Amino acid sequence: MKPFLTLIRAQNLLMVVLSQALVQACLLSVGVRWAKVLEPGFLALTLSTVCIAAAGYIINDYYDVKIDAINKPDRLLVGRIIRRRRAMFAHLVLSLIGVVMGALLLVRVGLINLGAVLLLWGYSARLKKLPLIGNIAIALLSASMLLVVAVYAGMLNMTTLGYALFAFLISLIREIIKDIEDMKGDATFECRTLPILLGMRGAKYVLYPLLALFMALLVASVLHPSTPQLFDVYMLVLVLAPSVWMAVKLARADRKADFTYLSNLNKLIMLLGILSMLLV
């Protein structure tokens, strides 16, 4: 069971559940209403999203066996602990459950889930080896994870769109950082990721404006007259300040360990940003 939970990135799936729960309880209602999280329709929606995300992690590892043997040999599961055929079967079953469950809730949700499955497959098989396209694909999926809750509820609003933009940018930044971290294995198998084409320095020059745009978005949210003062302080201290530190560390980074640190810091910023929904 433990290898399978590692394969589907159980910790990341908990982040998906938390994100969607906070959108449902905080962004789509006045005040924080946790009772909305227990609605059967929302629970089914979250389960469908988790199934598709888990399937995405499986298919990614399925295609990345040779690359992962170089980049992270100690964490290689598919082909070593879990048979490739079983991994593919699990991917297909989880994908089918996610799409069918979403379609039963709402046709639009089913189409979004189907699009996510196809995009995850395309990313794993081909897009991740292309410069920036694969990074953008994952960032779009991160944003859609939040938007699908509002689509199902029929209550898409500016606040939800703002958090979706937050998710898109922070995910895009992390994906490029991960590409720099994994340059060695990717280059061995002729991937054409951004750092391989432009080099580490060139990839950094792409990251700097993205970080600047991300921090500008944070400042804009703080300056908005409708946001509570506690939210403003939280964003400045716990989201903007770590983002500035990430920019400083990025400028100094030149080793794989540095980019591993940046990737983990990015995940922390993502979590803190999501938790800010409690204060909106």
Side-chain angles (χ1 to χ4, degrees), residues 9 11-16 18-19 22 71-72 75 128 131-146 161-186 193-224 227 230-280:
R9 315 295 200 276
Q11 291 181 334
N12 292 354
L13 296 182
L14 289 176
M15 180 84 82
V16 171
L18 175 63
S19 301
L22 288 174
N71 288 334
K72 44 185 178 182
R75 290 183 285 170
K128 71 178 300 177
L132 206 56
I133 297 175
N135 306 134
I136 292 174
I138 293 300
L140 285 172
L141 287 168
S142 297
S144 69
M145 174 189 68
L146 303 182
L161 287 172
Y163 273 99
L165 181 57
F166 166 90
F168 174 83
L169 287 173
I170 197 68
S171 297
L172 181 57
I173 291 166
R174 182 164 186 263
E175 288 302 310
I176 297 174
I177 290 173
K178 284 170 59 182
D179 279 350
I180 301 175
E181 184 183 359
D182 294 339
M183 280 179 67
K184 182 179 179 181
D186 292 347
T193 59
L194 204 63
I196 290 175
L197 284 181
L198 303 180
M200 182 188 296
R201 179 176 296 183
K204 285 186 179 185
Y205 286 142
V206 175
L207 281 170
Y208 292 141
L210 288 174
L211 268 170
L213 180 60
F214 177 72
M215 288 187 280
L217 174 66
L218 296 178
V219 172
S221 68
V222 169
L223 295 178
H224 198 282
T227 54
L230 183 58
F231 172 86
D232 296 342
V233 173
Y234 179 98
M235 294 298 284
L236 287 172
V237 175
L238 295 180
V239 183
L240 182 58
S243 300
V244 173
W245 177 243
M246 182 164 64
V248 172
K249 293 294 288 183
L250 176 63
R252 300 173 180 173
D254 58 5
R255 298 176 301 162
K256 180 180 173 69
D258 296 331
F259 292 99
T260 300
Y261 173 86
L262 287 169
S263 179
N264 291 331
L265 178 59
N266 183 290
K267 289 178 71 172
L268 176 62
I269 293 170
M270 189 181 298
L271 174 61
L272 292 171
I274 289 168
L275 291 175
S276 71
M277 294 183 199
L278 291 166
L279 304 174
V280 174

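Treat the numbers as computed from the prediction; the structure is a model and nothing was measured.
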Between Thr227 and Val222 the two heavy atoms that sit nearest each other are OG1-O, 3.6 Å
Ignoring hydrogens, what is the shortest heavy-atom contact between Ser171 and Ala139? Give both atom names and the distance. CB-CA, 3.9 Å
Is any NZ, NE, NH1 or NH2 atom of the basic residue among Glu175 and Lys178 found under 4.0 Å from an Asp or Glu carboxylate oxygen of the other? yes
Donor-acceptor pair, Ser144 side chain versus Leu141 backbone, under 3.5 Å? yes
Given Thr193, which partner from the list Ile180, Asp179, Leu132 fulfils the side-chain contact (heavy atoms from CB on, under 4.5 Å) test? Asp179
Quick check against the 3.5 Å criterion: does Ser142 have a side-chain atom that pairs as donor or acceptor with the backbone of Ile138? yes
Taking all non-hydrogen atoms of both residues, which atom of Ser221 and which atom of Phe231 are closest, and how far apart? O-CE2, 4.1 Å
NZ of Lys128 to CD1 of Ile133: how many Å apart, nearest 0.5 Å? 14.5 Å
Considering all heavy atoms, the nearest Pro242-Val237 contact: CD-O, 3.5 Å
Interatomic spacing from CG in Leu217 to CG in Leu240 - rounded to 0.5 Å: 10.5 Å
Spell out, as yes or no, whether a donor-acceptor pair under 3.5 Å connects the side chain of Tyr234 to the backbone of Leu272. yes
Working to the nearest 0.5 Å, report the span between CE of Met270 and CG of Leu169. 11.0 Å
Apply side-chain contact (heavy atoms from CB on, under 4.5 Å) to the pair Asn266 and Leu262, showing each step before the final yes or no. CA-CA 6 Å; Asn266 183 290; Leu262 287 169; over 6 Å; no
Kindly determine whether Asp182 and Lys256 satisfy side-chain contact (heavy atoms from CB on, under 4.5 Å), including the steps that lead there. CA-CA 8 Å; Asp182 294 339; Lys256 180 180 173 69; 3.8 Å; yes
Locate the shortest heavy-atom distance separating Leu218 from Met235; write the atom from each residue and the value. CD2-CE, 3.5 Å
Determine whether Met183 and Phe259 satisfy the following criterion, side-chain contact (heavy atoms from CB on, under 4.5 Å), listing intermediate values before the conclusion. CA-CA 11 Å; Met183 280 179 67; Phe259 292 99; over 6 Å; no
Run the side-chain contact (heavy atoms from CB on, under 4.5 Å) test on Leu271 and Leu18 for me, step by step, so that the C-alpha distance in whole Å, both residues' side-chain angles and the decisive distance to 0.1 Å come before the verdict. CA-CA 9 Å; Leu271 174 61; Leu18 175 63; 3.8 Å; yes
Any sub-3.5 Å donor-acceptor pair from Lys249's side-chain atoms to Asp258's backbone N or O? no
Check whether any side-chain N or O of Lys204 sits under 3.5 Å from a backbone N or O of Ala253 as a donor-acceptor pair, and report yes or no. yes
Nearest heavy-atom approach of Gly273 to Phe166 is CA-CZ, 3.5 Å
Measuring only between side-chain heavy atoms, which start at C-beta, is Leu250 closer than 4.5 Å to Tyr208? yes
With rounding to the nearest 0.5 Å, note down the distance linking OG in Ser243 to CG in Leu265. 7.5 Å
Distance check, rounded to the nearest 0.5 Å: Glu181 atom CD versus Arg255 atom CZ? 13.0 Å
Distance-only side-chain donor-acceptor flag, Tyr163 / Ser19, under 3.5 Å: no
From Ile176 atom CD1 to Leu194 atom CG, the distance as rounded to the nearest 0.5 Å: 5.5 Å
